[in-house]
Student: 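Before we start, here is the structure in question, set down as structure tokens.
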There are 2 protein chains.
Amino acid sequence: MKMESAVKGETRKKILDLAEALLLSHGYHGFSYQQISKVLGVRNAAIHYHFPHKTDLGVALIQRYRRRFARFTDSQQLLSGREQLERYFELSETYFAKDRQICPSGVLSTEFPRLPEIMQAEASAFIDEMRSWAVLIALKGRAEATMTYAGEAEAIGAVLFSTLQGALQLARIDENILVTVKNQIRAMLGINMAGLHEKADK
Amino acid sequence: MKMESAVKGETRKKILDLAEALLLSHGYHGFSYQQISKVLGVRNAAIHYHFPHKTDLGVALIQRYRRRFARFTDSQQLLSGREQLERYFELSETYFAKDRQICPSGVLSTEFPRLPEIMQAEASAFIDEMRSWAVLIALKGRAEATMTYAGEAEAIGAVLFSTLQGALQLARIDENILVTVKNQIRAMLGINMAGLHEKADK
DNA sequence: GACAGCTTACTAACCGGTAAGTAGAGTCAG
DNA sequence: CTGACTCTACTTACCGGTTAGTAAGCTGTC
């Protein structure tokens, strides 16, 4: 017997969504088709129908991330550098709030050497896009004089990206580190938060 | 027939060394007893003899890291904050040079939710020790006026630790990021490297 | 009747883990 | 000095479960 599901790309989308959550909490090698099929109430082979190899699923996941991130940066274009920075911060906050996930770049760079080649290529491109966006934020912030810093925007972007990735992972062990680090980055970029959203670390 | 090996804790040490390399490049769930036993030329069960459960091996690995790190910080006590910082930097450089490994804290925090409880406890303690050392460096640097920064030493330590962990992982994709980030951190701590060891990023 | 979207039923390889046996070195009583 | 015993450090031979992956069949919709 066949049943419900009905809508066209429904199952495929559900697989991607579940795989994404599993990727961010367990890593690429840390989840299996079984885990997905069990939750979705389908058979293992149903997933192989949509994604013949696990690599196909992995690539699809990263490509979706890249499309999403491109839309995200597009939507942020008109904001000030300072506001863009806050949105960048919010991204990591969102991951953490959702079951202590870490950011995709963190998973992908950690597992990088064990990833299939096609996934490595996608991951590299994605990570470079995330890094580049951080650089653009730093550039814009300096141009608008809403940020002040010594050195190149390239280096600030690199620090921004690295720090958030590291802090998001370490937040699994020490919850305070994310807020602490963000405040310190703001301070280092000459951003005075005078009583705004988040309180300084005690 | 028995043979060679001879020395007392030889095999056990070889297992630990190999497992360590595998942990740093592939992650805890990314290596198996088979991989170790194959390289060592022993049977699978030989590893189970020394480490009945994989968890035992994992715990032993972290405990060894903790002992090593304690010796490291002890040996650095008398150095200036600035010199201690450089040695802290060198730690990550060493990992990267060795087969693009990432630091243990990176692996452990990434895999944290899937780690057995006993390993989580060890990992938490270890990571807190690494974080604390970064804070001590910041404190000493400020006390000696070899570093200058706004905000608390706690926050500087957190940024230092997070940034290096993130950058070391991202260096697998973008080799330059480690050097770039270190230079920027020095700049942010008011450290002028005037033509010293490493060139500034272009 | 063609096709999308599954299911059933399977495979080979590998996972961590265990039980039982054994070679060799060391210990000790007579 | 020797035979009996014990301990360490394995090996051989398994176990049940899980992994990704495949082939073939079925069903509802257009």
Side-chain angles (χ1 to χ4, degrees), chain A residues 1-20 22-23 25-62 107 111 113-120, chain B residues 1-20 22-23 25-62 107 111 113-120:
Chain A
M1 66 234 63
K2 180 75 167 305
M3 42 154 56
E4 44 225 307
S5 103
V7 195
K8 228 194 58 185
E10 192 70 359
T11 303
R12 191 191 149 90
K13 211 227 160 209
K14 280 183 185 170
I15 291 170
L16 277 171
D17 289 342
L18 227 164
E20 178 179 332
L22 286 167
L23 176 74
S25 52
H26 297 83
Y28 177 71
H29 293 286
F31 75 86
S32 65
Y33 274 27
Q34 261 96 325
Q35 293 174 333
I36 298 175
S37 59
K38 203 170 284 179
V39 175
L40 256 54
V42 297
R43 291 295 142 140
N44 221 312
I47 303 175
H48 279 287
Y49 169 74
H50 291 285
F51 305 96
H53 305 270
K54 198 183 177 186
T55 304
D56 300 321
L57 177 53
V59 168
L61 280 173
I62 308 180
V107 181
E111 297 196 85
R114 293 252 305 181
L115 256 31
E117 267 189 51
I118 325 159
M119 280 188 70
Q120 287 191 355
Chain B
M1 68 234 65
K2 184 75 168 305
M3 39 151 60
E4 44 226 307
S5 106
V7 196
K8 230 193 57 186
E10 193 70 359
T11 304
R12 192 191 147 90
K13 211 228 159 206
K14 280 184 185 168
I15 292 170
L16 277 170
D17 289 343
L18 227 164
E20 178 179 333
L22 287 166
L23 176 74
S25 52
H26 297 83
Y28 177 72
H29 294 286
F31 74 87
S32 65
Y33 274 29
Q34 262 96 327
Q35 292 174 334
I36 298 174
S37 59
K38 204 170 282 178
V39 174
L40 255 52
V42 296
R43 290 294 137 139
N44 220 310
I47 303 175
H48 280 287
Y49 168 75
H50 290 286
F51 305 97
H53 304 271
K54 200 183 177 186
T55 305
D56 300 322
L57 177 53
V59 168
L61 280 174
I62 308 179
V107 182
E111 296 195 85
R114 295 249 306 177
L115 256 29
E117 266 188 51
I118 326 160
M119 280 187 71
Q120 287 192 355

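Protein chains get the first letters and strands the later ones, always in sequence-line order, with residue 1 at the start of each. Being a predicted model, the structure only gives us computed values, none of them experimental.
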Student: I'd like to check the side-chain contact (heavy atoms from CB on, under 4.5 Å) partners of A/Arg43; sequence neighbours left out, ordered by chain and number.
Tutor: none
Student: Nearest whole angstrom, please: distance from the C1' of D/dT19 to the NE2 of B/His29.
Tutor: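 For the pair B/His29 NE2 and D/dT19 C1', the rounded distance is 15 Å.
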Student: Side chain of B/Tyr49 only, heavy atoms from C-beta on: which candidate in D/dT11, D/dC10, D/dG21 is closest?
Tutor: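 Closest of the options to the side chain of B/Tyr49: D/dC10.
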Student: Go through the steps for A/Tyr28 and A/Thr55 under the test side-chain contact (heavy atoms from CB on, under 4.5 Å), then give the verdict.
Tutor: CA-CA 10 Å; A/Tyr28 177 71; A/Thr55 304; 4.0 Å; yes
Student: Just how far, in rounded Å, is P of D/dT18 from CD1 of A/Ile36?
Tutor: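 It works out to 16 Å between those atoms.
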Student: Side chain of A/Ala45: nearest nucleotide among C/dA9, D/dA13, C/dG16?
Tutor: C/dA9
Student: Can you identify which nucleotide, out of C/dT7, C/dA4, D/dA20, has its nearest atom closest to the A/Ser32 side chain?
Tutor: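 Shortest atom-to-atom distance from the side chain points to D/dA20.
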Student: Please tell me which of A/Asn44 and B/Phe31 maps to the more 5' nucleotide of DNA chain C, matching each residue to the nucleotide holding its nearest heavy atom.
Tutor: A/Asn44
Student: Report the distance from atom OG1 of A/Thr11 to atom CD1 of A/Ile36, rounding to the nearest 0.5 Å.
Tutor: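 That separation rounds to 12.5 Å.
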Student: Figure out the CD1/C1' separation between B/Ile47 and C/dC15, and round it to whole Å.
Tutor: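 Distance check: B/Ile47 CD1 to C/dC15 C1' gives 13 Å.
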Student: Give the C-alpha distance, both sets of side-chain angles, the deciding distance and a yes or no for side-chain contact (heavy atoms from CB on, under 4.5 Å) between A/Leu16 and A/Phe51.
Tutor: CA-CA 10 Å; A/Leu16 277 171; A/Phe51 305 96; 3.8 Å; yes
Student: Need one value for A/Phe51: base, sugar-phosphate or nothing, where a base atom within 4.0 Å counts as base even if backbone is also close, heavy atoms only.
Tutor: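 A/Phe51: no heavy atom of the nucleic acid under 4.0 Å.
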Student: D/dA9 C1' sits how many Å from B/Lys13 NZ, rounded?
Tutor: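 Value for this atom pair: 19 Å.
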Student: Between C/dT11 atom C1' and A/His48 atom NE2, what is the distance in whole Å?
Tutor: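 Interatomic distance, NE2 of A/His48 to C1' of C/dT11: 12 Å.
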Student: How many whole angstroms separate atom CG of B/Leu57 from atom P of C/dC15?
Tutor: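 One finds 14 Å between P of C/dC15 and CG of B/Leu57, rounded.
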Student: Specify the separation, in whole Å, of atom CZ of B/Arg43 and atom P of C/dA23.
Tutor: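 After rounding, the reported distance stands at 16 Å.
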Student: Taking the six-membered ring of B/Tyr33, is NZ or CZ of B/Lys38 closer than 6.0 Å to its centre and within 45° of its axis?
Tutor: no
Student: From the list D/dA20, C/dG17, C/dT8, which nucleotide is the closest neighbour of the side chain of B/Lys54?
Tutor: C/dG17
Student: Return yes if the base of C/dG17 and the side-chain atoms of B/His53 contain a donor-acceptor N/O pair under 3.5 Å, otherwise no.
Tutor: no
Student: Atom CD of B/Gln35 to atom P of C/dA13: distance rounded to whole Å?
Tutor: 17 Å
Student: I want to verify a distance call: between D/dT11, C/dC6, C/dC15, whose nearest atom is closest to the B/Gln34 side chain?
Tutor: C/dC15
Student: Distance check: side-chain N/O of B/Thr11 vs OP1/OP2 of D/dA9, anything under 4.0 Å?
Tutor: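 It does not, given that no N or O in the side chain of B/Thr11 lies less than 4.0 Å from OP1 or OP2 of D/dA9.
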